[in-house]
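Values in this document were obtained by computation on a predicted structure and should not be read as measured data. Residue numbering restarts at 1 for every chain, and letters A, B, ... go by the order of the sequence lines.
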2 protein chains.
Amino acid sequence: MATLSEVARLAGVTTATVSNVLRNTQKVKPATVQKVQEAIAATGYRPNLMARALAEGKSSMVALVLPDINNPFYPEFVRVAERVARHRNYFLMVCNTDERPDIGRAYLHQIAGTLADGVLVLHTGISADDINELKTRRSPIVLASEEQVDLANRIPHVVVNFHRAGEIAGQHLLDLGHQRIGAIVGCGLEGMQLGRLDGFKSALSAAGIALAEPMVRNVSDTVAGGHEATDSLLEQHPDITAIFCTNDLMAYGASQALADRGIRIPQDISLIGITDIQLARDMRPALTTVALGIEQVATISINLLLDLIENPQHEPTIVHVPDPVLVVRASTGSVRSGT
Amino acid sequence: MATLSEVARLAGVTTATVSNVLRNTQKVKPATVQKVQEAIAATGYRPNLMARALAEGKSSMVALVLPDINNPFYPEFVRVAERVARHRNYFLMVCNTDERPDIGRAYLHQIAGTLADGVLVLHTGISADDINELKTRRSPIVLASEEQVDLANRIPHVVVNFHRAGEIAGQHLLDLGHQRIGAIVGCGLEGMQLGRLDGFKSALSAAGIALAEPMVRNVSDTVAGGHEATDSLLEQHPDITAIFCTNDLMAYGASQALADRGIRIPQDISLIGITDIQLARDMRPALTTVALGIEQVATISINLLLDLIENPQHEPTIVHVPDPVLVVRASTGSVRSGT
DNA sequence: ATGAAAGCGCTAACAC
DNA sequence: GTGTTAGCGCTTTCAT
């Protein structure tokens with residue numbers, strides 16, 4: 001692997017000149033540029049990014065730490081984050097913690113400020129204390145799409161109004177006349193998805209309907225979790241007319257459980273999720289859901305991180321993404337007509 | 001961000017000693033180790049991995065370049081690759097090319113040998129020429145799970161017997177009595193998934209059935225692609241009794257198209273895929289498929305890459321993974337009884 | 001417009 | 001055991 005000085009020697013100039021050719025083409029005499037470029041081509045030279053990073057004090061890499069790359073939400077997020085990062089000349093390094101906070105912490109310790117210029121942390125169960133401990137070193141860390149925002153911990157956040165999402169879902173079911181509704185709540189690494197449930201409950205109670213505790217099921221945030229929770233719900237409350245899931249993946253599981261029992265959606269039971277992942281569009285019946293705007297959240301999050309890298313702030317920045325919006329598809333219908 | 005020399009100064013030793021404490025604890029006197037560790041704790045020191053990589057000539061990072069992180073096959077692959085890499089003390093850097101070969105090439109040029117000690121390339125449409133051009137520099141590149149293996153290009157390969165997978169799928173449908181079968185073939189970045197189709201055809205012709213060309217559909221390797229292809233197939237060949245898809249994602253799309261038309265699986269039409277992604281298990285009816293053994297392929301691939309990094313070979317290594325296996329679920333049934 | 005030289009933070013001989 | 005001394009490959013003043 002050719003180095004800068006080999007190129008320099010071959011071109012009959014010094015490394016400084018080659019370095020200049022590599023970025024500031026204007027400073028160098030055209031004839032020299034020519035010679036240097038020939039030498040680069042001849043040697044097949046490519047800059048050693050590690051050495052450059054050391055010298056510049058900046059790696060142009062950012063890390064995205066996430067809990068479960070198999071949960072389709074994350075790949076969708078990664079795709080847009082990677083694209084934005086690339087356009088801003090950063091590499092995106094995806095770190096999967098496999099749902100283990102200790103792995104997330106290890107990544108953070110090793111990477112933040114040494115391999116990556118900044119890191120975006122997504123639901124990995126890493127505590128604010130862990131992050132603040134790392135904050136001593138000058139390398140921004142931003143938390144995206146957190147369930148609950150703690151302003152006291154002084155960490156930059158991108159906040160999604162999950163409460164509102166739950167409320168919208170609840171309101172939609174109420175509008176369709178549903179009153180006996182089961183709720184399936186995911187429990188990710190950061191605990192129950194309580195904001196979403198609270199929003200849902202508040203919509204119901206505003207309409208004078210209290211959501212009985214036994215009609216709530218807490219399960220893992222997976223297809224299997226949604227399936228089990230639905231089975232349990234159906235056994236104890238066969239009279240429910242709708243199921244609310246705090247995310248689409250569990251709603252997909254719920255739809256399978258209903259299909260397995262020959263229960264029709266939405267004629268017998270309506271189903272609503274939150275997020276609007278691709279699967280929500282692809283499944284049959286297509287899922288009514290509350291779209292969080294993955295593309296928007298990802299774009300805003302990665303841009304915030306890159307902005308903070310290039311332009312450090314003293315005050316922790318909190319960015320709110322636009323409110324979620326209802327997307328009506330085929331999985332919800334009126335409680336009476338069954339349409 | 002504290003550096004080695006600050007730690008050294010604080011501990012009253014030199015950087016060499018601190019460096020030794022960081023790896024070869026045995027060489028250093030316990031009392032010194034103690035002092036150094038206190039200094040490390042006091043300063044919150046963490047090694048600068050870029051500097052270390054420069055000095056060691058090895059970054060302990062490997063890159064995984066893939067075309068579409070949204071295709072569920074890849075996250076499943078990534079999850080196991082990351083885990084294996086982590087256990088072998090490497091970071092895994094996931095690079096999504098968004099189906100664009102030029103992005104893949106750019107990643108390779110920038111990363112191979114400078115940021116990463118090696119790179120694993122998955123179906124990204126990067127040509128062997130591109131890779132061989134990079135090969136000058138000493139940093140292994142391995143191609144995993146290629147559709148077709150070209151031994152002449154002298155690049156390490158992990159090969160999957162796609163032909164056999166197609167054959168197994170064909171045989172299964174034949175065993176169930178199917179004769180009029182539609183085939184949906186994905187066209188990824190590396191062209192049609194021809195090995196799989198060839199295997200399928202060879203099973204049929206061995207049984208004396210020729211697969212008519214018009215019953216083959218080439219489409220993009222997505223849910224939507226599978227859906228469209230199924231619509232087209234059904235319109236021109238309403239009498240088919242089974243559909244073979246070269247992967248599960250398209251089979252999922254096919255199942256939606258069938259559901260949309262009120263066609264029952266497997267009573268009216270049987271459906272079989274290839275790969276065995278999670279979705280194949282989750283969908284209803286659960287998909288009969290030919291399992292490629294994602295976990296196995298990923299493990300073998302990443303291990304090969306790491307082996308080559310730690311132990312360079314002159315001859316290009318070709319590793320074959322075990323043959324695919326049939327997984328019978330609910331989407332296929334006998335052509336007569338419709339069971 | 002180009003060269004000389006210092007240094008980014010760390011590792012690795014080799015002395016002592 | 002611990003210190004000294006070179007680099008790793010690049011960028012970046014500062015001279016010339």
Undergrad: Using the salt bridge (Lys or Arg N to Asp or Glu O under 4.0 Å) rule, collect all pairs that involve residues 29-45 of chain A, keeping only residues at least two apart or in two chains.
TA: none
Undergrad: Once you round to the nearest 0.5 Å, how far does OG1 of A/Thr32 lie from NZ of A/Lys27?
TA: 14.0 Å
Undergrad: Earliest and latest nucleotide of DNA chain D, 5' to 3', sitting under 4.0 Å from a non-hydrogen atom of chain B?
TA: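 The contact span of chain B on DNA chain D goes from D/dG1 to D/dG9.
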Undergrad: Report yes or no: does A/Arg83 contribute a side-chain atom to a donor-acceptor pair with the main-chain N or O of A/Thr299 at less than 3.5 Å?
TA: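 Between the backbone of A/Thr299 and the side chain of A/Arg83 there is no qualifying donor-acceptor contact (under 3.5 Å).
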Undergrad: Checking side-chain contact (heavy atoms from CB on, under 4.5 Å) between B/Val121 and each of B/Thr97, B/Leu305, B/Ile126, which is the one that passes?
TA: B/Ile126
Undergrad: Under 3.5 Å, is there a donor-acceptor pair between the side chain of A/Gln296 and the main chain of A/Pro322?
TA: no
Undergrad: Decide yes or no on salt bridge (Lys or Arg N to Asp or Glu O under 4.0 Å) for A/Glu295 and A/Arg79, but give the supporting numbers first.
TA: CA-CA 9 Å; A/Glu295 181 146 358; A/Arg79 190 178 132 275; 5.3 Å; no
Undergrad: Is A/Arg88 salt-bridged to A/Asp307, cutoff N-O under 4.0 Å?
TA: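 Salt bridge present between A/Arg88 and A/Asp307.
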Undergrad: Taking protein heavy atoms under 4.0 Å as touching, what does nucleotides 3-13 of chain C look like 5' to 3' if B marks base contact, S marks sugar-phosphate-only contact and - marks none?
TA: BB--BBBBBB-
